[in-house]
2 protein chains.
Amino acid sequence: MAGKASGARGKRPQRPGAPRLSAEAQSGEPALSLERIVAAAVELLDAEGVDGLTMRKLADRVGAGAMSLYWHVDNKEAVFDLALDSVLEYREPPQAGESQDWRGEVLHMLEDWRASMLRHPWSAALLPRRALGPNILLRLELLGRTLSRAGVADADLNVALWSLWNHVMGATITRASFERSDDDLAAAQQRLTGLSERYPTIERSRLLLDNDWDGTFRDGLDFLLDGLAPKR
Amino acid sequence: MAGKASGARGKRPQRPGAPRLSAEAQSGEPALSLERIVAAAVELLDAEGVDGLTMRKLADRVGAGAMSLYWHVDNKEAVFDLALDSVLEYREPPQAGESQDWRGEVLHMLEDWRASMLRHPWSAALLPRRALGPNILLRLELLGRTLSRAGVADADLNVALWSLWNHVMGATITRASFERSDDDLAAAQQRLTGLSERYPTIERSRLLLDNDWDGTFRDGLDFLLDGLAPKR
DNA sequence: AAATCGCATCGTACAGCGTACGAGTCAATC
DNA sequence: GATTGACTCGTACGCTGTACGATGCGATTT
């Protein structure tokens, strides 16, 4: 039990007074911190994907030794948790909670949610294996409040929340899995057209090829809200 | 270019005539084969999860050396692909395609889909990162045919297919992410109740605690189909 | 009978991984 | 001046995926 607590770590304390400049670059980098680690992790994930994130590369990116990360972070899993949640930060628009247009509000929230995840495609792949961080919970909370104001009641609220969440998750994952490299995409298309006689309906609908993902998402959301609306 | 093709591998040929018994256990194991490898991979994933699958452990389980697997399989990623698709095999019920009850058919298909994935929780975590295998495509195809017979037209068919798919994927992933070990679950609950004043709506709805997942899935599906029905 | 060939198996080796451990530096405190 | 606690990091260990080449074996050809 030398220098670390159980759940969180050393967690650099608020600066006692001096800005803490060590022997290293005293004008460049603002010293190692949890925030910088998480930001670098997001960059690295954006650049190289889930498998591209290693503790050594992450340390390089913040100009530190690999083991220095472990003062600020429990382990690699925690890095994933933090990066994922940081990408899902949500800024509630100022007029929220007053408008009568609950449907418009829900739409905006979910579009923003989806856009945030598509901006970082690895987030879709990561989410199924991670716990729900505070930013995800906040988004669910605000969505729940809006639906509640719209008159959706107890059991229906539960179903509505999960259904909308499912729509966003499913759509994001689907979309992200189609954003592979061009090589993979070309190979996949060739593989599909080869089997087109076995899957004629899929072929005819061009479901997998030149899909309008944004439109499909919005239209599906409309159907869902249409089904939800009578219940309120 | 010694002994392997590019896409698929050596792929043991159809037995020339003799049952191929080598020096090893001549009565026990039916010799190494792609089928046995995939079956063992599913077992291992069921038992130890995604991170628990290593090529050495997999080889142990089929009683072979680690490198022997690579004759039958390109690499570890291919093992994941094969295991995932094998778990999603679908047996079409015999009377399919004749009933008038398209809604019942859709419900049955999607319940089965979800059940198959929940039986192997790792499949939900794996799916976002893997390509769509033939069994997934078959399920989509059959779903598309049913909707088509129900009168869902071009653009609507596309939206309907993806929306239903999204519902299954989202619900499965959500559900699977709540099936952690009891330790994790207890910790999560404590963490949540601690923050309950920040997320009152979520708290009140008991969204995350004792949810009736099966019911929520079915009810959400009903809402979705309610929204879809007028369009046919 | 002998040589050849293709399929299939596996031992060894290597680079890279997450991270345990303990030594080191430096500012603040006593 | 001595001590403490926050923080950094070099080294090392066990484990990973898999490249490479050696080996064995049944069938085919000579």
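What you see below is based on every heavy atom in this structure, not just the backbone, and it leaves out hydrogens, waters and symmetry mates. Within every chain, numbering begins at 1; the chains are lettered A, B, ... in the order of the sequence lines, protein sequences first and strands thereafter. From a predicted model like this one, the values you see are computed outputs, not experimental measurements.
- For D:dC7, neither phosphate oxygen OP1 nor OP2 lies less than 4.0 angstrom from any side-chain nitrogen or oxygen of A:Ser68.
- Each end of the helix from C:dA1-D:dT30 to C:dC30-D:dG1 gets its own axis from five base pairs, and the two axes differ in direction by 20°, given to 10 degrees.
- In this structure, A:Asp60 atom CG and D:dT8 atom P are separated by 15 Å, rounded to whole Å.
- If you measure from atom CG of A:Asp74 to atom C1' of C:dG18, you get 14 Å, rounded to the nearest angstrom.
- Rounded to a whole Å, the CG atom of B:Leu69 is 18 Å from the P atom of D:dC20.
- The stretch residues 37-58 of chain A touches DNA chain C through A:Leu53, A:Thr54, A:Met55, A:Arg56, each having a heavy atom under 4.0 angstrom from the strand.
- When distances are taken from the side chain of A:Trp71 to each of D:dA6, C:dG18, D:dC9, the shortest belongs to D:dA6.
- Among residues two or more places apart in sequence or in another chain, the side chain to side chain donor-acceptor pair (under 3.5 Å) test is passed with A:Asp112 by A:Arg139.
- For B:Met55, the side-chain contact (heavy atoms from CB on, under 4.5 Å) partners are B:Leu69, B:Tyr70, B:Lys76, B:Val79, not counting sequence neighbours.
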Test log, rule side-chain contact (heavy atoms from CB on, under 4.5 Å), inputs B:Trp71 and B:Leu34
CA-CA 9 Å; B:Trp71 179 259; B:Leu34 188 63; over 6 Å; no
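- For the side chain to side chain donor-acceptor pair (under 3.5 Å) test, residues two or more places apart in sequence or in another chain that qualify with A:Thr146 are A:Glu105.
- Between B:His72 and the phosphate of C:dC7, there is no side-chain N or O to OP1/OP2 separation shorter than 4.0 Å.
- Residues meeting the side chain to side chain donor-acceptor pair (under 3.5 Å) test with B:Asp212, sequence neighbours left out: none.
- Residues satisfying the side-chain contact (heavy atoms from CB on, under 4.5 Å) criterion with B:Arg91, sequence neighbours excluded, are B:Glu89.
- Here C:dC10 presents its P atom at 15 Å from OH of B:Tyr70, a figure rounded to the nearest Å.
- Qualifying side-chain contact (heavy atoms from CB on, under 4.5 Å) partners for B:Thr174, counting only residues two or more places apart in sequence or in other chains: A:Trp162, A:Trp165, A:Asn166, B:Phe178, B:Trp213.
- Residues forming a side-chain contact (heavy atoms from CB on, under 4.5 Å) with A:Glu111 (at least two apart in sequence, or on another chain): A:Leu107, A:Arg114, A:Phe217, A:Arg218.
- Candidate nucleotides C:dG18, C:dC10, D:dT16 were compared by shortest atom distance to the side chain of B:Met67, and C:dC10 ranks first.
- Rounding to whole angstrom units, CG of residue A:Leu32 and P of C:dT25 are separated by 19 Å.
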